[in-house]
**Q** 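If you scroll down you'll find the structure; I have some questions about it.
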Amino acid sequence: MNLAVNIGGIFMKNPVATASGTFGYGGEYADFIDLNKLGAIVTKGITLLPRGGNPVPRIVETPSGMLNSIGLENPGVEVVLEKYLPYLRGFDVPVIINIAGDTIDDYVRLAATLEGVQGVSGLEINISCPNVKKGGLAFGSDPESAAEVISEIRGVTALPLIAKLSPNVTSIARVAERVADAGADAVSLINTLTGMSIDIRKRKPVLANIVGGLSGPAIRPVAVRAVWQVYQAVSIPIIGMGGITCARDALEFIMAGATGVAVGMASFVNPRTTIEVLEGIEAFMKENGIEDVAELIGSAHKN
Amino acid sequence: MNLAVNIGGIFMKNPVATASGTFGYGGEYADFIDLNKLGAIVTKGITLLPRGGNPVPRIVETPSGMLNSIGLENPGVEVVLEKYLPYLRGFDVPVIINIAGDTIDDYVRLAATLEGVQGVSGLEINISCPNVKKGGLAFGSDPESAAEVISEIRGVTALPLIAKLSPNVTSIARVAERVADAGADAVSLINTLTGMSIDIRKRKPVLANIVGGLSGPAIRPVAVRAVWQVYQAVSIPIIGMGGITCARDALEFIMAGATGVAVGMASFVNPRTTIEVLEGIEAFMKENGIEDVAELIGSAHKN
Amino acid sequence: MFNSKYEIEENYQVFPGHYLMAFKSLDIARTALPGQFLHIRCYQGTEPILRRPLSIHSINKEKNLVYILYRVCGRGTGLLSGMKAGEMLDVLGPLGNGFTMPKNDEKIVLMGGGIGAAPLFFLLEEIKTHFDKRIDKVSVFLGAANSDLIVGKEKINKMGFSGYYATDDGSSGFKGTVIDLFETIWTEGSPDRIYACGPSPMFRSLAEAADKNARIEVSVEEHMGCGLGVCLSCVCKVAGPGTSTENAHICVDGPVFDLRKIIF
Amino acid sequence: MFNSKYEIEENYQVFPGHYLMAFKSLDIARTALPGQFLHIRCYQGTEPILRRPLSIHSINKEKNLVYILYRVCGRGTGLLSGMKAGEMLDVLGPLGNGFTMPKNDEKIVLMGGGIGAAPLFFLLEEIKTHFDKRIDKVSVFLGAANSDLIVGKEKINKMGFSGYYATDDGSSGFKGTVIDLFETIWTEGSPDRIYACGPSPMFRSLAEAADKNARIEVSVEEHMGCGLGVCLSCVCKVAGPGTSTENAHICVDGPVFDLRKIIF
Ligand SMILES: Cc1cc2nc3c(=O)[nH]c(=O)nc-3n(C[C@H](O)[C@H](O)[C@H](O)COP(=O)(O)OP(=O)(O)OC[C@H]3O[C@@H](n4cnc5c(N)ncnc54)[C@H](O)[C@@H]3O)c2cc1C
Ligand SMILES: Cc1cc2nc3c(=O)[nH]c(=O)nc-3n(C[C@H](O)[C@H](O)[C@H](O)COP(=O)(O)OP(=O)(O)OC[C@H]3O[C@@H](n4cnc5c(N)ncnc54)[C@H](O)[C@@H]3O)c2cc1C
Ligand SMILES: Cc1cc2nc3c(=O)[nH]c(=O)nc-3n(C[C@H](O)[C@H](O)[C@H](O)COP(=O)(O)O)c2cc1C
Ligand SMILES: Cc1cc2nc3c(=O)[nH]c(=O)nc-3n(C[C@H](O)[C@H](O)[C@H](O)COP(=O)(O)O)c2cc1C
Ligand code: FES
Ligand code: FES
């Protein structure tokens, strides 16, 4: 049975990755799962300089989901390379660094810094964070500026580039087309939907940042649809995510066209979700006599 | 205690309306609630000619929500005027007719047909239905074409016009601005988010129409955010909806800036939701010594 | 039509994966007709959010008990199966149109596939009440995957009806489908009236197997939102005037339809 | 750190709106420290989806029973209160850093506001085990809205600690806040060490009321996602090197902090 997939040059032994920002820098979950079993580890989004993030409250639960407005708190690229990467190099798993910036120059400098660093298998370019004032979603919500970020980064690195796309746009397929043209090796989708919640007793937004990003099972139908549409629009591989809690959910994404899947906030609820998703996919393939996971990718388009 | 609100010329005795497509033509829920207590009744979307809608399955349940792809099944404007409107005229409640079309001309002719009809208090212009091939969302996803539909309709009717907006856009505030400029008296938001669900056993989309519209509590954070943003962008009144199940939920919308609220799929689950929302708003106002619901509208922007 | 919370009297597994629940409701016990269904809220929170349509399986009019018989196949029925006597059940109903009652002299066949047999028992109860003298004219054909899953064999015997049973694996009675069994047993003439409940492939075979003159009433299933004709999700195409077709809404125009009118 | 399902031993209302639950867990009973917390899944479905952080209230090491004491204030705790003995509870923990233990001669004050008092009992148990000879040096101050809501008065007496009680409405003991009570009673000198649990306004008053030399450890609350330092939702600002401030993450760096280091 073959589970291995190739995400734009990143060889994954199975399709199951972690979603940025929901798995820390890997070690946090090592008590619960064998990291070596993962298809890939995607780190929390990092920036050139350390960031404190937004004020609290930063999260609020919503029906079958949650809003977060972390605001890219991270210790900066230097600390990540010194403190966290050496640990991750100890595992036989591709590490994908998720990067964000306020300006195109920030992205370019980050990418250049990470170029050639041992243990970095690829970059996920976060142009879809709804929780920072500058950069982030501002780039991702316009196909042309999204393409510009990607092509500038492309200029400084040979690392596989995965453009992380936002669902907060009129046409995610159009953004995917443009980043593919600009040199992205793969796309990952979806980042969170912009949302908010109001505390009716205090008569003010719950999150200090007012808006936050909606994730969890609530958004899965939107995410599956996005993967479906992007699969029809581009030929580069897709990492699908948004509300995956079990193998059934992951298979929805794969059948819609995702080559890889990422488990996000479900890890908070059940730290073993990634592994259970993997085991469930294997069980499904066995039951259905499927030899290669490739047979399942995009299969819902054919029926 | 004053609960009455004015939605662009439609006088509602309280802010609680029904959402189009989730309350039929009114009579279906008369066994469970006193229709006279409602702020307004918004009918199922109607078109010039009868429509059969999409093949089944047309709905599928999703986490804290549902997808529908009804596809505007309706008996056409003539039958609605003959068969359903006379019944509704028997109540002391403004009736808002939700209209849809494939072409601008369809909208214009529908609006002209409804102009001056006794018992029609206003029109809700559905430029946001994700379930029809032509028209619908195609108009609503571009600010300019949305404005064009509204201004053409404006040309043929003096009825209050409510533009129903889609969340499937990069900037709903921008669409709201343009329809306000074009002569809309109010906006209602949000229509459903485009989503889909896959049956992993059959390896194909659950809905015969492939994609459908996501509604229910799952989308509430997106809807509240949309109301918040539109409230900052335009000065015409907003009817807020998306996942309202109780007074607490409705108050989120009102505090975010909605003058009216509409109960959608929650009526399927609890046929008395509209009335319970209304009673809950009254109770909240009493507890908090609020004399006029106007004090609550947009109040979360001030704290 | 009512929407209220009724106290659960009992709820237990009758055979593997299938539960029988009774709740006390004067409203429904007094007004329901065979073939009608209930729209039941399995959870008070928002996930799962929709009600579940379940047929009325049986009614005890003395005790005002309403029975449902259900197969656990997902989250809603899973939550239902965990409910205990004394808890309150949120029920909307009775909904839809039921079976038409037989005429006095008719030869009647009731046919059920799997859990589809559930609503037939309420119909049998009514037939027994109103046509007690002619129950020899009634034959009941039930099919299931295996002998464990045949619904209410004993009850059928106790009520005095003739029962015929088919299983896919031959573990009890005839080996084959309920339609095969019917064709094997019923070799002469035609029943005047057939009531059938089960999956739609069964209806298609039945349309072919049965005599053109028999009136066939079937109970149709489709995913439902409101149960009240509002959401327009539960459509089934039926013959309209002339050669036209039109949309019927299963929750209000059905769930029972004249099989000949359904367009598959 | 464990994530497993443990059998619930008992779960009942101790006073209005407050429940005490015990579950059997060798893992947690053997390894947990006072002040640590558990991240508990209240429902196996997706709504509500997040775990709920709840402190360890008490541990019975002979029976490997772990107790939580919780106030029902929303959906998660509501569902928790409906769970019955014999059901399995999905627990992640023990999490975070607990209280540091007192030094031998220290005069100790424990201070709890409302349900915030919950974790103090596990601490009292440990103090009693390790410092049994000096429990006269320990004073416990508890405050609540009214006398019904004072947590564990009897237990404090039974363990031999001196307890002082304040209620907002004066329905029992001192009328006023627990800080007012502390200031009224403790007029001479300063405790060496104060452990406090409660709402953050209480911490602010405490920072003002207490002697500069007392070491004050407080347990801080914030909305939590993962409980493992991953999601970065549970931030609290603390003093960094020099005059700098930095982010502490309550779930891993806390929930217990040196009050003087917290920047409100
Ligand atoms: C009129 C009518 C009468 C019925 N009577 C019975 C009965 O007496 N006993 C019985 O066991 N079953 C009956 N069914 C089928 C029953 O409604 C489904 O098995 C049930 O809804 C499944 O819910 P779930 O949460 O367990 O499954 P899930 O798969 O979690 O359900 C997901 C969604 O799909 C819908 N759904 C899934 N299967 C069906 C189905 N077969 N028909 C309609 N909706 C479905 C659910 O209602 C829900 O909205 C009837 C269906 C209809 C339409
Ligand atoms: C470290 C720690 C220890 C705690 N120990 C206890 C204890 O021993 N006993 C007790 O009764 N309570 C304790 N709490 C508070 C408890 O976590 C909340 O009361 C509980 O999460 C509320 O959940 P709910 O579903 O009932 O409320 P809801 O309002 O439905 O919760 C919605 C969301 O808000 C979060 N939330 C709401 N209130 C709080 C809060 N005060 N702190 C953190 N998150 C909150 C919930 O976890 C959930 O994510 C503790 C909190 C923390 C952080
Ligand atoms: C707490 C939190 C932090 C996140 N941080 C990041 C981030 O730093 N960079 C990024 O690209 N996405 C981030 N995301 C988005 C996730 O990677 C993922 O796209 C999204 O949560 C949808 O998946 P889910 O529904 O499975 O959680 C974050 C999500 C959450 C919940
Ligand atoms: C079954 C169904 C049918 C709908 N039909 C229409 C329609 O005809 N016209 C329209 O403008 N919106 C329609 N809607 C959208 C609702 O009016 C509403 O905008 C949406 O469902 C969000 O509200 P909710 O989450 O409370 O259901 C429909 C929604 C549902 C669920
Ligand atoms: S279930 Fe809504 S119309 Fe039938
Ligand atoms: S709860 Fe996730 S970092 Fe603390």
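Here the structure is a predicted model, which is why all the values come from computation and not from measurement. First the proteins, then the strands, lettered A, B, ... as listed; each starts at 1.
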**Q** Could you measure the distance from the CG atom of D:Leu232 to the CG atom of A:Asn68? Nearest 0.5 Å is fine.
**A**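 Reported value, rounded in 0.5 Å steps: 9.5 Å.
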
**Q** Which atoms form the tightest heavy-atom contact between D:Arg41 and A:Asn270, and what is the distance?
**A**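 Minimum heavy-atom contact is NH1-CB, 4.2 Å.
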
**Q** Which pair of non-hydrogen atoms, one from A:Gly52 and one from D:Asn247, has the smallest distance, and what is that distance?
**A**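 Smallest interatomic distance, heavy atoms only, reads O-ND2, 2.8 Å.
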
**Q** Give, as side chain, backbone, both or neither, the part of A:Tyr25 having an atom under 4.5 angstrom from any heavy atom of chain D.
**A**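 Contact with chain D is absent: no heavy atom of A:Tyr25 under 4.5 Å.
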
**Q** Output the distance between atom CD1 (D:Ile49) and atom OG1 (A:Thr62), rounded to the nearest 0.5 Å.
**A**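 The distance works out to 8.5 Å.
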
**Q** Where does D:Asn3 contact chain A at under 4.5 Å (heavy atoms): side chain, backbone, both or neither?
**A**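 Looking at D:Asn3, backbone and side chain both touch chain A.
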
**Q** What residue in A:Glu73, A:Glu28, A:Met66, A:Arg272 has the most heavy-atom pairs under 4.5 Å with chain D?
**A**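 Result: the option with the highest number of such pairs is A:Glu73.
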
**Q** So which of A:Pro63, A:Gly21, A:Ser64 has the biggest tally of heavy-atom pairs under 4.5 Å with chain D?
**A**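 The answer is A:Ser64.
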
**Q** What's the shortest heavy-atom distance between D:Val230 and A:Phe23, and which atoms?
**A**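 Closest pair (atom of D:Val230, atom of A:Phe23, distance): CG1-N, 3.3 Å.
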
**Q** Any chance you could measure A:Phe32, atom CZ, to D:Ser4, atom OG, to the nearest 0.5 Å?
**A**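 The CZ atom of A:Phe32 sits 10.5 Å away from the OG atom of D:Ser4.
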
**Q** Atom CE of D:Met1 and atom CG of A:Asp31: how far apart are they, to the nearest 0.5 Å?
**A**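 One gets 5.0 Å once the value is rounded to the nearest 0.5 Å.
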
**Q** Out of curiosity, D:Thr46 OG1 to A:Met265 CE, how far, rounded to the nearest 0.5 Å?
**A**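 Interatomic distance, D:Thr46 OG1 to A:Met265 CE, rounded to 0.5 Å: 9.0 Å.
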
**Q** Does the pair A:Glu61/D:Arg75 count as a salt bridge with the N-to-O cut at 4.0 Å?
**A**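 A salt bridge links A:Glu61 with D:Arg75.
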
**Q** In Å, rounded to the nearest 0.5 Å, how long is the span from CG of A:Leu207 to OG of D:Ser233?
**A**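 Here the interatomic distance stands at 10.5 Å.
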
**Q** Counting neighbours of NZ on A:Lys37 that are heavy atoms of other residues, nucleotides or ligands and sit closer than 6.0 Å, is the number greater than 12?
**A**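 No, NZ of A:Lys37 has 12 or fewer neighbouring heavy atoms, counting only those of other groups under 6.0 Å.
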
**Q** Just checking A:Lys204: does its NZ atom have more than 12 heavy atoms from other residues, nucleotides or ligands closer to it than 6.0 angstrom?
**A**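 No, the 6.0 Å shell around NZ holds no more than 12 heavy atoms from other groups.
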
**Q** How close do A:Ile59 and D:Leu50 get, heavy atom to heavy atom, and via which atoms?
**A**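 What the structure gives for the nearest pair is CD1-CD1, 4.4 Å.
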
**Q** Kindly check if the number of other-residue, nucleotide or ligand heavy atoms within 6.0 Å of CD (D:Gln44) is above 12?
**A**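 Above 12, so yes.
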
